[in-house]
Amino acid sequence: PLTCTSCVTSHCFHVLFYFFSLLPFRNFSLCVQRGCTETGSVWKLYGLFNWSTNGVMASPPQFDCGEVSRHCTRGNSWVTVDGVVYDVSSFVQRHPGGEALLLSHCGSDVSSVMRSEASHAHSKAAFSVLNGMRIGVLKDSEKTTPAPSSSSLSSNGTVTNGRNGYVSTANGGARRRPDAATASDQSSSDDTSLEASDFTMEGWREEDLVDWNQPMLWQVGALGSAYHKWVHSPVDKPLRLFRSDFAEFFSKTPWYIIPVVWLPVIVLLSCLSTMPHLLSSGKTAEEEYEEESRGLSGGVFLLLFVIGLFTWSLVEYGLHRFVFHHSPPDSSPFLITLHFLLHGQHHKVPFESSRLVFPPIPAFVIFFMFYALFLSAFSLSVTHALLAGGILGYICYDLTHYYLHHGVPALGTYFHRLKSYHVRHHFVDHQSGFGISSKLWDIPFGTVTRS
């Protein structure tokens, strides 16, 4: 009897498991990976199910506008879009438009702001990232759908009417102002709407193509023709490349490692370039001539240093456009894997801070390649001077790249415009905007990203 009972129990378990496996609860495993159960928030766990697109959850958590408006501080930040409530607390510091801008809209409806050309019309990828933060919907009685009013936006896209777009009610709650309403009445064919977007909260076919619990470098080569769309469908989740913990450790680089490692190299190259000339006094004319032919004066060194610095800007553009964004053939798992290792990973997980700057070990390999190339064309001192300037350009490039992803430049400054430019490269058109530290070479080569 005990054996029979065990068999029945086992069969019942498998039937239930099979039944639930048929339901599209695609996001449950993602929620467990992110540790949603540890936050103590049942709403967040509940909200990560895919209830908004296929009706799996008949009654998702509902909130009123008053409750949403109270979540408007750092670490406790909610917004609504088209009647859906999102908890963006974990995203505030990583917001491409800056932390302050997003905080200024927290507790309010941002439907019209996210679609406004006057501020910044967000891309499908931006809605994809937002889609992963759903926690519920507004109560039916508080959903309004009048057309967005241009008067509700200031010149920089902020909501100016009412506190965060809501007004208080007699019972201490809040309701949405009509002129701060959503844009949900737009045509369903709008390519920025959640329904029309080809992106999902997990990128594109994540569960079909890859296993995020396993090292990714051993999986991407098998994607074939699906790789190109998959790698440019960004996700906001941790990425592991290698099976080895040792290799994985060296595949990640904090931003401050770049100046710590490379500034001493600049000093060394500068000394090697000029030292023979500085030590040439006190020798015979023949010896001095011989030393001077190997050493550089301060003026010549400075000129070559600036040339090297300028040359790096062209190298930066060329590497980014012709190497990092060269599409590997579908039939070559090796080249697909190499592309993902060099740059594809950055487009797949653009918010992962430890993968924004180039690790020193592969960077030294590239350095010695350029060293051999320059030495075949120039003298030793000239090579050192050019490379010293080039490495300074590389440091500026890597730190600028990190700042564009995680810094908050002041509105209207050069870096604010550059940040907006780089955001468009990631989320609007990855086949343009190849300049990172500047648009210098995008202009003559015709690859400036459209506004």
Is there a donor-acceptor pair under 3.5 Å between the side chain of [X] and the backbone N or O of [Y]?
{"X": "Q219", "Y": "Q214", "result": "yes"}
{"X": "R355", "Y": "L239", "result": "yes"}
{"X": "S77", "Y": "S89", "result": "no"}
{"X": "D398", "Y": "I258", "result": "no"}

Fill in: Aromatic plane relationship, F434 with Y317 - under 30° parallel, 30 to 60° tilted, over 60° perpendicular
perpendicular
Item to complete: Can you spot which of H228, H422, H232 makes a ring-ring contact (aromatic ring centres under 6.0 Å, His included) with H347?
Response: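 When H228, H422, H232 are each tested with H347, the ring-ring contact (aromatic ring centres under 6.0 Å, His included) holds only for H232.
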Discussion item. Please identify which of these residues, F370, Y371, F378, meets the ring-ring contact (aromatic ring centres under 6.0 Å, His included) condition with H384.
Written reply: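 Going through the options one by one, the only one that passes is Y371.
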Practice prompt. Determine whether the aromatic ring centres of H401 and H346 lie less than 6.0 Å apart.
Written response: yes
Practice prompt. Establish, yes or no, whether a centroid distance under 6.0 Å links the rings of H339 and H325.
Written response: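 Not under 6.0 Å, so no.
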Discussion item. Other residues, nucleotides and ligands only: do more than 12 of their heavy atoms fall within 6.0 Å of CZ on F249?
Written reply: no
Item to complete: Can you establish whether the number of heavy atoms outside F322 located under 6.0 Å from its atom CZ is more than 12?
Response: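 Enclosed: over 12 neighbouring heavy atoms sit under 6.0 Å from CZ of F322.
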Discussion item. Please determine whether ring pair (Phe, Tyr, Trp, His ring centres under 6.0 Å) holds for the pair F340 and W230, giving the CA-CA distance in whole Å, both sets of side-chain angles, and the decisive distance to 0.1 Å.
Written reply: CA-CA 11 Å; F340 187 75; W230 175 83; 5.8 Å; yes
Discussion item. For a ring pair (Phe, Tyr, Trp, His ring centres under 6.0 Å) check, start with the C-alpha distance between W262 and F364, then their side-chain angles and the critical distance, and finish with the verdict.
Written reply: CA-CA 10 Å; W262 290 105; F364 267 107; 4.3 Å; yes
Show the nearest heavy-atom pair for residues [X] and [Y], with the distance to one decimal.
{"X": "I135", "Y": "D87", "result": "CG2-CB, 3.8 Å"}
{"X": "L418", "Y": "T400", "result": "CD2-CG2, 4.0 Å"}
{"X": "H105", "Y": "V79", "result": "O-CG1, 3.9 Å"}

Worksheet item: Which is it for W78 and V85 under the side-chain contact (heavy atoms from CB on, under 4.5 Å) test, yes or no, and what are the steps along the way?
Response: CA-CA 7 Å; W78 291 9; V85 182; 3.8 Å; yes
Discussion item. As a quick check of understanding, evaluate side-chain contact (heavy atoms from CB on, under 4.5 Å) for L341 and F242, giving each step before the final call.
Written reply: CA-CA 10 Å; L341 181 63; F242 298 95; 4.2 Å; yes
Discussion item. I'd like to know whether H320 forms a side-chain contact (heavy atoms from CB on, under 4.5 Å) with H343, so could you lay out the CA-CA distance, the side-chain angles of the two residues, the decisive distance to 0.1 Å, and finally the verdict.
Written reply: CA-CA 9 Å; H320 194 188; H343 194 62; 3.4 Å; yes
Worksheet item: Any side-chain heavy atom of P329 sitting closer than 4.5 Å to one from L335?
Response: yes
Worksheet item: Does Y421 have K439 sitting over its ring (NZ/CZ under 6.0 Å from centre, angle to axis within 45°)?
Response: yes
Response to the item:
Rounding to 0.5 Å, atoms CZ (F351) and NE2 (H426) come to a distance of 9.0 Å
Practice prompt. Would you sort out whether S111 and T80 count as a side-chain contact (heavy atoms from CB on, under 4.5 Å), showing the intermediate values?
Written response: CA-CA 7 Å; S111 305; T80 65; 5.7 Å; no
